[in-house]
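These notes concern the structure reproduced below.
The model shown is predicted, which means the values in this text are computed figures rather than measured ones. Basis for what follows: all heavy atoms, side chains included, without hydrogens, waters or symmetry-related copies.
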Amino acid sequence: MLDRPAKIEGPDEAPATFTGNRALDQEEPLLFEIGRLDATGVDVDAAPQVEKRLGGLERKEAIGLPGLTEPETMRHYVRLSRKNYSIDAGLYPLGSCTMKHNPRINEKVARFEGFADAHPLAPQSTVPGALELMETLAHWLMTLTGMHAVALSPKAGAHGELCGMMAIKSAIAAKGEGASRNVVLIPQSAHGTNPATAALLGFSVRVVPAAEDGTVCAQAVREALGPEVAAIMLTNPNTCGLFEREIVEIAQAVHDAGAYFYCDGANFNAIAGVARPADFGVDAMHINLHKTFSTPHGGGGPGAGPVVLSERLAPFAPVPFLRRDGERLEIVEHAEGTESFGRMTAFHGQMGMFVRALAYMLAHGGDGVAQASKDAVLSANYVRASLRDVMTQPFGDRACMHEVLFDDAWLKGRGVSTLDFAKAMIDEGYHPMTMYFPLVVHGAMLIEPTESESKASLDLFIATLRNLAQAAKEGDAKRFTQAPRYAPRKRVDETLAARKPVLRWSAA
Ligand SMILES: *Cc1c(COP(=O)(O)O)cnc(C)c1O
C-alpha cells in the first residue's frame, strides 16, 4: 500500500495572487465578458448593400456577439479545457458510466478520409466502404450478443431503449394486444432512463422490489406479471454491480406470460465475450458503444446505442437498415412494405462512433474483448477487497462484477456524508465515483475502475480512499465538509445551482 505524500500547503494558508490565478489554474471569465461588441477577430470587406427582402423583419440592433481575436479565443477555450477532468487526465471511477480509455488507434482510424469525410447524403454507390464497416460492426455486435439483428441508428443508450421498446410495442400491436398490454415491469434499482422510456411510450410502470441480496428474484417477477404486462426492462449485470442469477428463469416467466424481455445493456462491458444475452432469453438490448467499446463520451458528446433484437422482434426494427443482396449492400431508407416501426433519426447513426467501436473490437479480437471484460471485473473486485475493511457494502461481502457498490453505513455519526466524501476525492485529484445511485442503497458510492487502470494506478486510488476513510473515522470532518478546497470554485451551492440556474448572460 502506498503512503500519502507529504502534506502540501493548501489555498487556505497560501496568500492570494494579484491575478486570482493559481499558476496553471487560471481564472476565466465568460466570452461575453472578455469580448468587445465593436471588435472582430477577422478582417472582412464590408458587406455590399443589398435590397432588403425581409419585409421589415430584419434585425435593427447589433447582434451582440462578443468580438475576440484568434489568440484570445484560443486562450479562452484552452483555459476552460484545463479545468475539465477527463479519463486522459486521471482515473475516472464513475460507476455505471464506464469511463474507460479510448485507445488512440480508434482516433487514427476514425480520421481516415473515407470515414471522416463521408457525407450522410452521399449516394450509396460512392460509400461502399462505410456500408461494409457498418455491416462488419453489426456482425460483431450480433456475434457477441448471440442476437438475430441489430438496429444501428439509435444515438445513445436512452435512445436505444426507446428503439427497443418501440419494436416491442409494434410487435404487441401486430398481435392485436396493443390496447390490453400497457404495463412495463421495472426493478427498483433501475437506471432512471428505463421508467422514463416506458412512460414516454405511454406504458405505466410497475416496480419490482429488489431482493435482500440486491438482485431481482424470479418469484417477485412472477407475482408482478399478468395479461396487462407488455415487457420487463432489466439491467444485467444490474446497477448494483451484481449478476442477475435468476435471469433465465425471469426471461422464461416473462415469455410464458406473453410479454417481452428488454435488457438494459449498459453494463455489457462486464460480460462481453464471456456471456451472450441471447442465451438469457433477451428480446431486445441496447449496447452503449461509448461505454463497452471505449468510444469517447461525456460532456454531451456523441454516443451510440445500437439495439440488438431477437428473431421475432427483428421485422419491427427501424429504418434505415442494411440489406445484403449477394455482392450488393444497400441501406433501406423507407418503411413502406415492411413491418418496420419507422424512422427514429435522420441518417444512419453515429458513423464516427461505429468506426471507433469496430477499431476497438478488431484491435482486441474476440479473446481480447473477453479479456477486457474479465479485467474490468478483476479491477472492481480488487478495489472491493482492498476497501471492505474500512467501507461498508450493502449486500454483504460478496464478489461484484465490473463495479463495486458501497453504502454510507460506515460514515454514520461522523458528520461526513457521501457527498462530502466525494468532494474530498476532488481535492485528491480524482473524479468522484457515482453517488446516491442506485437509489435502493442509502448514500450509495458506485465505483467502476474499468480494465484500463494499471495495478499501480489502482493501488494509489485505494490508498487515497483508505486515507480519506481513516480521516473520516478520526473525526477530521473539516477536510470533507469544506472540500473541494483546491478546485477552481471550491464548494458550490448545488441546490441553488439546480433550482435557480443562471442560463442567460446580461450586460450588468
Ligand atoms: C448509461 C446508462 C443508460 C443510458 O445510456 P446513455 O447512453 O447515457 O443514454 C441506461 N442504463 C444504464 C444502466 C446506464 O448505465
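With Thr450 contributing its side chain and Lys100 its backbone, the two residues share no donor-acceptor pair below 3.5 Å. For the pair Thr338 (side chain) and Ala335 (backbone), a donor-acceptor distance under 3.5 Å is present. Under a 3.5 Å cut-off, the side chain of Lys291 and the backbone N or O of Ser96 do form a donor-acceptor pair. Under the 3.5 Å distance criterion, the side-chain polar atoms of Ser340 are matched with a main-chain donor or acceptor of Ala317. In terms of modelled atom types and a separation under 3.5 Å, the side chain of Thr239 and the main chain of Thr235 share no donor-acceptor contact. Panel note: side chain His334, backbone Glu336; no donor-acceptor pair is recorded below 3.5 Å. The backbone N or O of Tyr382 sits less than 3.5 Å from a side-chain atom of Ser386, completing a donor-acceptor pair. Although no hydrogens or angles enter the test, the distance criterion places a donor-acceptor pair under 3.5 Å between the side chain of His297 and the main chain of Thr98. One N or O on the side chain of Asn267 and one on the backbone of Pro237 form a donor-acceptor pair closer than 3.5 Å. Side chain of Gln124 to main chain of Glu330: no donor-acceptor pair is present (N/O by atom type, distance under 3.5 Å, no hydrogens or angles).
Asp283 has its side chain within reach of Arg312: a pair of non-hydrogen atoms, C-beta onward, lies under 4.5 Å apart. Looking at heavy atoms from C-beta onward, Met433 lies out of side-chain contact with Phe406 at the 4.5 angstrom threshold. Side-chain contact check for Leu439 versus Gln188: every heavy-atom pair is 4.5 Å or farther apart. Looking at heavy atoms from C-beta onward, Val221 lies in side-chain contact with Leu185 at the 4.5 angstrom threshold. When side chains are defined from C-beta on, Leu289 does not count as touching Gln350, because their heavy atoms never get closer than 4.5 Å. A heavy-atom distance below 4.5 Å is not found between the side chains of His148 and Leu313. A heavy-atom distance below 4.5 Å is found between the side chains of Arg59 and Ile63. Proximity of Thr145 to Pro277: side-chain heavy atoms (C-beta onward) are separated by under 4.5 Å at one or more points.
The salt bridge (charged side-chain N to carboxylate O under 4.0 Å, His left out) test with Glu27 singles out one residue from Arg489, Arg82, Arg75, and that residue is Arg489.
Classification of the Tyr85-Tyr92 ring pair by plane angle, with boundaries at 30° and 60°, yields perpendicular.
The number of heavy atoms from other shown groups lying within 6.0 Å of CD (Glu113) does not exceed 12. For NZ of Lys175, the number of neighbouring non-hydrogen atoms (other residues, nucleotides, ligands) closer than 6.0 Å is greater than 12. Annotation for His139: atom NE2 does not count as buried by contact number, only 12 or fewer foreign heavy atoms lying within 6.0 Å.
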- Task: Please report the C-alpha distance between Tyr262 and Asn194 in whole Å, then the side-chain angles of each, then the deciding distance to 0.1 Å, and finally whether the side-chain hydrogen bond (donor to acceptor under 3.5 Å, both in side chains) criterion is met.
- Result: CA-CA 10 Å; Tyr262 184 88; Asn194 295 180; over 6 Å; no
- Message: Pair Lys83, Glu28 - check salt bridge (charged side-chain N to carboxylate O under 4.0 Å, His left out), show working.
- Response: CA-CA 10 Å; Lys83 297 189 196 301; Glu28 189 56 23; over 6 Å; no
- Task: Test side chain to side chain contact (heavy atoms under 4.5 Å, CB included) on Leu446 and Tyr436 and set out the steps.
- Result: CA-CA 8 Å; Leu446 185 62; Tyr436 301 107; over 6 Å; no
- Message: For a side-chain hydrogen bond (donor to acceptor under 3.5 Å, both in side chains) check, start with the C-alpha distance between Gln371 and His364, then their side-chain angles and the critical distance, and finish with the verdict.
- Response: CA-CA 9 Å; Gln371 189 65 51; His364 280 69; over 6 Å; no
- Query: So Thr295 and Tyr360, side chain to side chain contact (heavy atoms under 4.5 Å, CB included) or not? Walk me through it.
  - Reply: CA-CA 8 Å; Thr295 70; Tyr360 178 89; over 6 Å; no
- Step-by-step side-chain hydrogen bond (donor to acceptor under 3.5 Å, both in side chains) determination, Asn106 to Ser294: CA-CA 9 Å; Asn106 298 0; Ser294 82; 3.0 Å; yes
- CA sep, side-chain torsions, deciding dist, call: Glu448, Asn269, side-chain hydrogen bond (donor to acceptor under 3.5 Å, both in side chains): CA-CA 11 Å; Glu448 180 173 5; Asn269 63 307; 3.0 Å; yes
- Task: Show your working on side chain to side chain contact (heavy atoms under 4.5 Å, CB included) between Ile87 and Asn102 and close with a plain yes or no.
- Result: CA-CA 9 Å; Ile87 185 69; Asn102 167 41; 5.9 Å; no
- List the steps, then state whether side chain to side chain contact (heavy atoms under 4.5 Å, CB included) holds for Met285 with Ile287. CA-CA 7 Å; Met285 181 181 94; Ile287 298 167; 3.9 Å; yes
- Item | ring pair (Phe, Tyr, Trp, His ring centres under 6.0 Å) between His191 and Phe437, worked out | CA-CA 8 Å; His191 193 266; Phe437 175 80; 5.6 Å; yes
- Query: Run the salt bridge (charged side-chain N to carboxylate O under 4.0 Å, His left out) check on Arg323 and Glu135 step by step: do they pass?
  - Reply: CA-CA 9 Å; Arg323 183 160 58 197; Glu135 189 191 39; over 6 Å; no
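Across every non-hydrogen atom of Met165 and Leu201, the tightest pair is CB-CD1, 3.4 Å. Heavy-atom minimum distance, Gly273 versus Ala370: O-CB, 3.5 Å. Closest heavy-atom contact between Glu244 and Asn238: OE2-ND2, 3.0 Å. Nearest heavy-atom pair across Ile462 and Val383 is CD1-CA, 4.1 Å. Among all heavy-atom pairs drawn from Leu141 and Leu152, the shortest one is CD1-CD2, 4.2 Å. The minimum heavy-atom distance between Pro320 and Ile331, with the atom names listed, is CB-CG2, 3.5 Å.
We find that Asp88 and Arg104 are joined by a salt bridge, their nearest charged nitrogen and carboxylate oxygen being less than 4.0 Å apart. Between Arg53 and Glu51 there is no salt bridge, since no side-chain N of the basic residue sits under 4.0 Å from a carboxylate O of the acidic one. Between Asp279 and Arg276 a salt bridge is recorded (basic side-chain N to carboxylate O distance below 4.0 Å).
The structure places NE2 of His76 at 10.5 Å from OG of Ser81, a figure rounded to the nearest 0.5 Å.
Annotation: Phe280 is in aromatic contact with Phe243 [ring centroid separation under 6.0 Å].
Between Asn288 and His286, the side chains place a donor N or O and an acceptor N or O closer than 3.5 Å (distance only, hydrogens not considered). Side-chain polar atoms of Thr464 and Glu428 form no donor-acceptor pair below 3.5 angstrom.
Figure legend: Lys169 and Phe316 shown without cation-pi pairing, the cationic atom not lying both under 6.0 angstrom from the six-membered ring centre and within 45 degrees of its axis.
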